[in-house]
Amino acid sequence: MPELPEVETIRRGLAPLLTGRRVVAVEVRERRLRQPIDARVPGRLRGAMVTGVKRRSKYLLLETDAGWTVLLHLGMTGQLWVSEPGRVSRPHQHVVFKLDDGRELRYADARRFGLIDLIRDRELHEHPRLRGLGVEPLEDGMTGEWLHRATRGRRKPVKNFLMDTRAIAGIGNIYACEALFRAGVNPRRPVHRIGRRSWDDVAVAIRAVLEEAIQAGGTTLRDFLNAEGNAGYFAVSLRVYDRKGESCGRCGTNIRRIVQAGRSTFYCPRCQK
DNA sequence: CGGTGGACCTGCTGGC
DNA sequence: TGCCAGCAGGTCCACC
């Protein structure tokens, strides 16, 4: 479900609600996520105060004053929100963090592809899930120049490259498709056959689409909800994703769906060369 | 290096 | 109306 803009939307919603709050208890109802939740999590977090809420790629990081940072990933269907106590439910609520103001941080995840782990502060950057992540696409370093250089000696299709978190971290299926449409680049084009100028277009398009999506509170196609339980409204601004057979808003040609690396790719065969 | 296919899971939808 | 194949905002691994 959530790509960078959705995770960032959740981060921005959680930060003011969690910062300065203490965790009074953690209730783990289902520990079988992508990797089983460590049984020591509740004990280690009891009494810890949240000092900050950060994001790296599609991971959320809840920093605490107890020497531990909570690493969270939402997988495809994860939801994370703050609720009033005893508030109505959604199904598949696997973890509840009880806070000192009486509210609760709740984690739900139907497919259980998500992840919750603790990292010792000083080992933050060596954690196996974080080590090896590539550049943040909204950082200044992600330029056409950088993309051009990062792809020298490679031959994979550009869409697969954009989704490779070891190169660029946080772009998923929706925004890879949308950025390439905006840049006018065919998703199948091998990276070594893309020129410097086109890489500039790709860099600009990535930044623009991610920033606009964050402004819109993310994309809700099926089940994405932010930290307050509200849907994002960027879905109406998607130009190709999930629009197979619809006509391209720019040229009128039918939008096509193909499969790359087992994932659906949507593009306009006329606008994207 | 790349590409494919599958694994992990549950839930929804579109076509018959 | 009911059933079921196919597909889903993500990773990770084995294999060619």
Does A:Arg55 come within less than 4.0 Å of A:Glu8, counting only side-chain N to carboxylate O?
-> yes
Between C1' of C:dG10 and CD of A:Glu3, the distance in whole Å | 9 Å
Mind calculating the distance between CZ (A:Phe161) and P (B:dG3) to the nearest angstrom?
-> 13 Å
Near A:Arg29 CZ, under 6.0 Å, is it more than 12 heavy atoms from other residues, nucleotides or ligands?
-> yes
Using a 4.0 Å heavy-atom cut-off across all strands, classify A:Arg222 as base, sugar-phosphate, or nothing.
-> base
Nearest-nucleotide pick for A:Arg154, side chain only, options being B:dG3, B:dC1, B:dC9 = B:dC1
Whole-Å distance separating the CZ atom of A:Phe266 from the P atom of C:dC7 = 10 Å
Give none if B:dC9 has no partner; otherwise give the nucleotide forming a Watson-Crick or G-U wobble pair with it, both distances under 3.5 Å.
-> none
Regarding A:Arg90 and the six-membered ring of A:Trp81, is the cationic atom NZ or CZ under 6.0 Å from the ring centre and inside 45° of its axis?
-> yes
Would you indicate, yes or no, if B:dG11 has its OP1 or OP2 atom less than 4.0 angstrom from a side-chain nitrogen or oxygen of A:His92?
-> yes
Any side-chain N or O of A:Ser264 under 4.0 Å from OP1/OP2 of C:dA8?
-> yes
Base, backbone or nothing for each nucleotide of nucleotides 11-16 of chain C, written B, S, -, heavy atoms under 4.0 angstrom, 5' to 3'?
-> BS----
Quick one: does A:Arg111 reach the base of B:dC9 with a side-chain donor-acceptor pair under 3.5 Å?
-> yes
Look at the rings of A:Tyr107 and A:His94 and say which category their plane angle falls in: under 30° parallel, 30 to 60° tilted, over 60° perpendicular.
-> tilted
Minimum-distance nucleotide (side-chain atoms of A:Asn173 versus C:dG10, B:dG2, B:dG3) = C:dG10
Rounded to the nearest Å, what distance is computed from the CG atom of residue A:Leu60 to the P atom of nucleotide C:dG10?
-> 15 Å
Ignoring hydrogens and angles, tell me if any N or O in the side chain of A:Glu6 forms a donor-acceptor pair with the backbone of A:Thr219 under 3.5 Å.
-> yes
Give the rounded distance in Å between these two atoms: NZ of A:Lys244 and C1' of B:dG14.
-> 12 Å
Between CZ on residue A:Arg111 and CE on residue A:Met76, distance to nearest 0.5 Å = 4.5 Å
Which value, in whole Å, describes the distance between the P atoms of nucleotides C:dC7 and B:dT4?
-> 15 Å
Round to a whole Å and report the spacing from NE2 of A:His192 to C1' of B:dC1.
-> 12 Å
Could you give the CZ-to-C1' distance, from A:Phe113 to B:dC9, as a whole number of Å?
-> 4 Å
Take atom C1' in C:dG6 and the same atom in B:dG5, then report the distance between them in whole Å.
-> 16 Å
Using the ring of each side chain (for Trp, its six-membered ring), is A:Tyr59 parallel, tilted or perpendicular to A:His73, with breaks at 30° and 60°?
-> perpendicular
In whole Å, what separates the P atom of C:dC3 from that of B:dC9?
-> 26 Å
For the pair made of CG in A:Asp109 and C1' in B:dG11, what is the distance, rounded to whole Å?
-> 12 Å
Is there a donor-acceptor contact under 3.5 Å from the side chain of A:Thr151 to the main chain of A:Arg154?
-> no
